[in-house]
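Bear in mind the structure is a predicted one, so any value in this text is a computation, not a measurement.
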Amino acid sequence: MNKVLVVAVHPDDETLGCGGTLLRHKAEGDEINWLICTELNVKHPMKNLREEEISKVSKMYGFDSVHQLGLETMRVDEYSMSELVEKFSIIFNKVKPTIVYFPFKSDIHSDHRKVFEAAYSCTKSFRYPFLKKILMMETLSETEFAPSLKEDALVPNVFIDVESYLAQKIEIMRVFESEIGAFPFPRSIKNIEALATLRGATSGCEHAESFMLLKEIR
């Protein structure tokens with residue numbers, strides 16, 4: 001059994017980036033864990049609704065554990081790197097994942113980039129020997145808007161067949177109603193389906209999710 005940890009900068013990133021893959025992990029008997037890095041300010045009008053969404057989504061996936069760092073959304077770059085690394089280290093050592101899914105290092109959102117930098121610091125094999133596989137995921141509305149430079153482009157090299165789980169992924173995504181818009185808005189149902197179709201065509205199946213593998217230890 002694998003112990004999977006998805007590092008979601010914002011609630012819904014886990015679903016956009018690897019929702020189908022998480023459902024497949026669960027169906028295959030793996031343990032899945034959700035790390036939500038940011039949260040809305042207590043005065044935000046959607047605070048209570050977002051907490052309700054998180055609770056509902058957690059049950060729909062059947063997460064074995066849910067962890068919240070409580071970082072203020074849109075302001076992650078205001079935290080010191082040492083503070084962030086310590087927060088991630090605590091969760092990593094608590095969950096002890098064998099597989100971890102990170103945001104893409106060059107996502108356009110500064111929250112994503114800062115989280116990747118801090119979380120990736122917690123992958124040294126001599127300090128976190130339980131980690132065996134590290135991947136970056138593709139998050140609609142963030143990854144595709146990275147600069148069109150070779151060092152900032154996501155080049156998928158791992159593809160997961162999610163044909164049996166795409167409908168359920170979309171059902172879960174609909175819970176985050178305020179995050180979805182009409183096509184051609186990036187986080188539209190049509191665009192989620194289109195990306196899954198493209199990645200499926202690339203890898204020889206109906207629908208897939210794609211990732212960049214950073215490290216695998218066997």
Would you find more than 12 non-hydrogen atoms of other residues, nucleotides or ligands less than 6.0 Å from [X] atom [atom1]?
{"X": "Met74", "atom1": "CE", "answer": "no"}
{"X": "Lys56", "atom1": "NZ", "answer": "no"}
{"X": "Lys47", "atom1": "NZ", "answer": "yes"}

Main-chain N/O of [Y] paired to [X] side chain as donor or acceptor, under 3.5 Å:
{"X": "Arg127", "Y": "Cys122", "answer": "no"}
{"X": "Lys169", "Y": "Leu16", "answer": "yes"}
{"X": "Glu209", "Y": "Gly20", "answer": "yes"}
{"X": "Ser106", "Y": "Ala146", "answer": "no"}
{"X": "Asn93", "Y": "Ser89", "answer": "yes"}
{"X": "Glu144", "Y": "Ser141", "answer": "yes"}
{"X": "Lys132", "Y": "Pro129", "answer": "yes"}
{"X": "Thr123", "Y": "Tyr120", "answer": "yes"}
{"X": "Asp64", "Y": "Glu31", "answer": "no"}
{"X": "Thr202", "Y": "Leu198", "answer": "yes"}

Can you name the nearest heavy-atom pair linking [X] to [Y], along with the distance?
{"X": "Phe159", "Y": "Arg199", "answer": "CD2-O, 3.7 Å"}
{"X": "Met137", "Y": "Val7", "answer": "CE-O, 3.5 Å"}
{"X": "Ser188", "Y": "Gly181", "answer": "CB-O, 3.1 Å"}
{"X": "Val66", "Y": "Ser58", "answer": "CG2-OG, 3.3 Å"}
{"X": "Glu72", "Y": "Asn41", "answer": "OE2-ND2, 3.7 Å"}
{"X": "Pro186", "Y": "Leu140", "answer": "O-CD1, 3.8 Å"}

Between [X] and [Y], is there a shared hydrophobic cluster once you connect ILVMFWY residues whose side-chain heavy atoms come closer than 4.5 Å?
{"X": "Val9", "Y": "Phe92", "answer": "yes"}
{"X": "Met136", "Y": "Ile160", "answer": "no"}
{"X": "Leu69", "Y": "Val57", "answer": "no"}
{"X": "Ile134", "Y": "Phe104", "answer": "yes"}
{"X": "Leu135", "Y": "Tyr165", "answer": "yes"}

If you round to the nearest 0.5 Å, how far is [atom2] of [Y] from [atom1] of [X]?
{"X": "Cys37", "Y": "Leu71", "atom1": "SG", "atom2": "CG", "value": "6.5 Å"}
{"X": "Lys3", "Y": "Met1", "atom1": "NZ", "atom2": "CE", "value": "6.5 Å"}
{"X": "Ser65", "Y": "His67", "atom1": "OG", "atom2": "NE2", "value": "3.0 Å"}
{"X": "Leu131", "Y": "Ile217", "atom1": "CG", "atom2": "CD1", "value": "8.0 Å"}
{"X": "Gln68", "Y": "Lys87", "atom1": "CD", "atom2": "NZ", "value": "12.0 Å"}
{"X": "Asn191", "Y": "Phe185", "atom1": "CG", "atom2": "CZ", "value": "10.0 Å"}

Under the side-chain contact (heavy atoms from CB on, under 4.5 Å) rule, what do His112 and Lys114 come out as? Steps first, then yes or no, please.
CA-CA 6 Å; His112 285 230; Lys114 190 82 171 185; over 6 Å; no

Pair Ile54, Glu39 - check side-chain contact (heavy atoms from CB on, under 4.5 Å), show working.
CA-CA 11 Å; Ile54 289 170; Glu39 66 179 16; over 6 Å; no

Consider only side-chain N and O atoms of [X] and [Y], and report whether a donor and an acceptor are under 3.5 Å apart.
{"X": "Glu138", "Y": "Thr143", "value": "no"}
{"X": "Glu163", "Y": "His207", "value": "yes"}
{"X": "Thr139", "Y": "Asp13", "value": "no"}
{"X": "Thr15", "Y": "Tyr61", "value": "yes"}

Residue pair [X] / [Y], side-chain heavy-atom distance below 4.5 Å:
{"X": "Glu83", "Y": "Glu86", "answer": "no"}
{"X": "Leu35", "Y": "Val6", "answer": "no"}
{"X": "Leu22", "Y": "Trp34", "answer": "no"}
{"X": "Val175", "Y": "Met60", "answer": "yes"}
{"X": "Ile32", "Y": "Leu5", "answer": "no"}
{"X": "Met173", "Y": "Asp12", "answer": "yes"}
{"X": "Thr38", "Y": "Asp111", "answer": "yes"}
{"X": "His25", "Y": "Ile99", "answer": "yes"}

Mind checking whether Tyr101 and Phe211 have ring centres under 6.0 Å apart?
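They qualify: ring centres under 6.0 Å apart.
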
Shared-cluster residues of Met81, by chain and number - hydrophobic side chains joined below 4.5 Å:
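Result for Met81 is Val85.
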
In sequence, state the C-alpha distance, the side-chain angles, and the governing distance for Glu216 and Arg218, and then conclude on salt bridge (charged side-chain N to carboxylate O under 4.0 Å, His left out).
CA-CA 7 Å; Glu216 184 171 20; Arg218 294 188 179 185; 3.2 Å; yes

Evaluate side-chain contact (heavy atoms from CB on, under 4.5 Å) for Ile189 paired with Arg174, printing each intermediate quantity in order.
CA-CA 8 Å; Ile189 299 303; Arg174 289 187 188 278; 3.9 Å; yes

Between His109 and His10, what is the ring plane arrangement, given parallel below 30°, perpendicular above 60°, and tilted in between?
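Ring orientation, 0 to 90° scale: tilted.
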
May I ask you to check if Lys105 and Phe116 form a cation-pi contact, with NZ or CZ under 6.0 angstrom from the six-membered ring centre and within 45° of the axis?
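Because its charged atom misses either the 6.0 Å distance or the 45° angle limit, Lys105 does not stack over Phe116.
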
